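Numbering of residues begins at 1 and proceeds along the displayed sequence. It should be emphasised that the depicted structure is a prediction, and the values quoted were computed from it without experimental measurement.
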Amino acid sequence: MPVGEAGLDAILLRVGRLNYAWSNTESLLVHLIAGLSGMAKDAAVVVFLSLSSTRARIELVERLAKLRLSSGHERHELLDLMARFGRLSAVRNRYNHSLWSFQDDGSIATILMRIADRRDRIRMGQRQPLTAEEMARLDQDLDDLSELNRAIWRFLQDNGYPIA
């Protein structure tokens, strides 16, 4: 499906929104790290920045939650939030860690720069055309990311985590 210049601009606006929303939401992990570990926010920032991936940051929050929180509602809610965060990371990875393929017919695709190591073979370069359906899915993922951000803020406030 040809997208043309207007379509490309629409895609790039979505990817920019994804990056902004992702960074804004990922930064909330600092507050969770501070609250769960009992450290000052500036120390939690150092820990956050010392971990080199979102996955590592999410895993730290999950592990601290399992270690520090009883098996009640707060723990369950936080682990659910982190599971949602992990699922959305695939979307971010797709649009930020892919090559972009622009075809003569005007179509655009992403080519994921990841190796899938299977039992007897490897797969790499998964190509995904950016169709109208994919753009609708990205719009839904952006809405989900915004809702996740609001849900984490509510969790922080409801459970007395440091937010200042």
Side-chain angles (χ1 to χ4, degrees), residues 1-3 7-8 10-33 36-37 44 46-152 155:
M1 165 187 103
V3 292
L8 177 59
I11 291 166
L12 294 176
L13 284 171
R14 285 176 173 96
V15 172
R17 183 175 165 215
L18 175 65
N19 285 320
Y20 169 77
W22 186 266
S23 295
N24 191 31
T25 303
E26 188 175 15
S27 69
L28 298 178
L29 296 176
V30 169
H31 303 286
L32 293 168
I33 293 167
L36 290 166
S37 67
V46 169
V47 169
F48 176 91
L49 294 174
S50 297
L51 297 170
S52 61
S53 70
T54 300
R55 179 182 305 213
R57 294 169 181 144
I58 291 171
E59 285 178 357
L60 175 62
V61 169
E62 289 173 334
R63 290 171 181 165
L64 288 171
K66 292 172 186 175
L67 180 67
R68 301 283 187 188
L69 301 177
S70 67
S71 60
H73 176 73
E74 181 181 352
R75 179 190 204 180
H76 177 76
E77 183 179 2
L78 182 53
L79 292 175
D80 179 61
L81 290 169
M82 293 302 100
R84 288 169 57 191
F85 210 157
R87 284 190 299 274
L88 286 167
S89 70
V91 176
R92 178 191 171 266
N93 290 342
R94 174 180 173 203
Y95 289 100
N96 285 289
H97 299 295
S98 290
L99 295 176
W100 291 72
S101 172
F102 301 91
Q103 302 302 309
D104 289 338
D105 68 358
S107 63
I108 301 173
T110 57
I111 303 171
L112 190 59
M113 297 305 300
R114 181 174 162 201
I115 295 175
D117 200 352
R118 302 294 182 239
R119 186 177 312 185
D120 60 350
R121 62 188 166 85
I122 61 170
R123 287 184 32 205
M124 57 188 156
Q126 180 183 5
R127 188 174 196 279
Q128 181 72 48
L130 295 178
T131 62
E133 293 81 20
E134 284 301 309
M135 291 301 91
R137 188 172 299 123
L138 178 55
D139 288 339
Q140 181 60 57
D141 291 333
L142 287 165
D143 290 344
D144 292 348
L145 185 55
S146 293
E147 172 50 35
L148 176 63
N149 182 289
R150 289 188 297 274
I152 293 172
F155 177 87

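- Tested against R17, the residues D139, D141, D143 include a single salt bridge (charged side-chain N to carboxylate O under 4.0 Å, His left out) partner, D143.
- Around atom OH of Y20, no more than 12 heavy atoms belonging to other residues, nucleotides or ligands sit under 6.0 Å away.
- Heavy atoms of other residues, nucleotides or ligands lying less than 6.0 angstrom from CZ of R127 number more than 12.
- Rounding to the nearest 0.5 angstrom, the gap separating the CG atom in L69 from the CD atom in E77 is 11.0 Å.
- Judged purely by atom type and a 3.5 angstrom limit, N96 uses its side chain to pair as donor or acceptor with the backbone of R92.
- The two residues N24 and S27 have their closest heavy-atom pair at O-OG, 2.7 Å.
- Using a 4.5 Å cut-off on side-chain heavy atoms (C-beta onward), L32 and L29 make contact.
- Using a 4.5 Å cut-off on side-chain heavy atoms (C-beta onward), W100 and I11 make contact.
- Taking the side chain as every heavy atom from C-beta outward, W22 and V91 never approach each other to under 4.5 Å.
- Remark: the backbone N or O of Y95 is not paired with any side-chain donor or acceptor of S98 at under 3.5 angstrom.
- Counting heavy-atom neighbours within 6.0 Å of H76 NE2, excluding the residue itself, gives a total of 12 or less.
- Scanning both residues, S50 and V46, for their nearest heavy atoms gives OG-O, 2.7 Å.
- Atom OG in S101 sits 4.5 Å away from atom CD1 in I111 (nearest 0.5 Å).
- Here the straight-line distance linking atom CD1 of I152 with atom OG1 of T25 works out to 6.0 Å at 0.5 Å rounding.
- Of all non-hydrogen atoms in S89 and G86, the two that sit nearest each other are OG-O, 2.5 Å.
- Looking at residues two or more places apart in sequence or on another chain, you find a salt bridge (Lys or Arg N to Asp or Glu O under 4.0 Å) between R63 and E59.
- Closest heavy-atom contact between A65 and L78: CB-CD2, 3.7 Å.
- Taking the side chain as every heavy atom from C-beta outward, T54 and E26 approach each other to under 4.5 Å.
- Although no hydrogens or angles enter the test, the distance criterion places no donor-acceptor pair under 3.5 Å between the side chain of N149 and the main chain of L145.
- To the nearest 0.5 Å, atoms CD1 (I108) and CG (L8) are separated by 4.5 Å.
- With hydrogens and angles ignored, the 3.5 Å screen pairs a side-chain donor or acceptor of R57 with a backbone N or O of L51.
- Residues D144 and R84 have side chains not in contact (no heavy-atom distance under 4.5 Å, counting atoms from C-beta outward).
- Between L112 and R94 the shortest heavy-atom distance is CD1-CA, 4.0 Å.
- Atom CD of residue E147 and atom CG of residue L88 lie 11.0 Å apart, to the nearest 0.5 angstrom.
- Partners of R87 under the salt bridge (Lys or Arg N to Asp or Glu O under 4.0 Å) rule, at least two apart in sequence or in another chain, do not exist in this structure.
- For the pair F85 and L148, the tightest heavy-atom approach, listed with the atom from each and the gap, is CA-CD2, 3.7 Å.
- At distances below 3.5 Å, at least one donor-acceptor pair connects side-chain atoms of R75 with backbone N or O atoms of K66.
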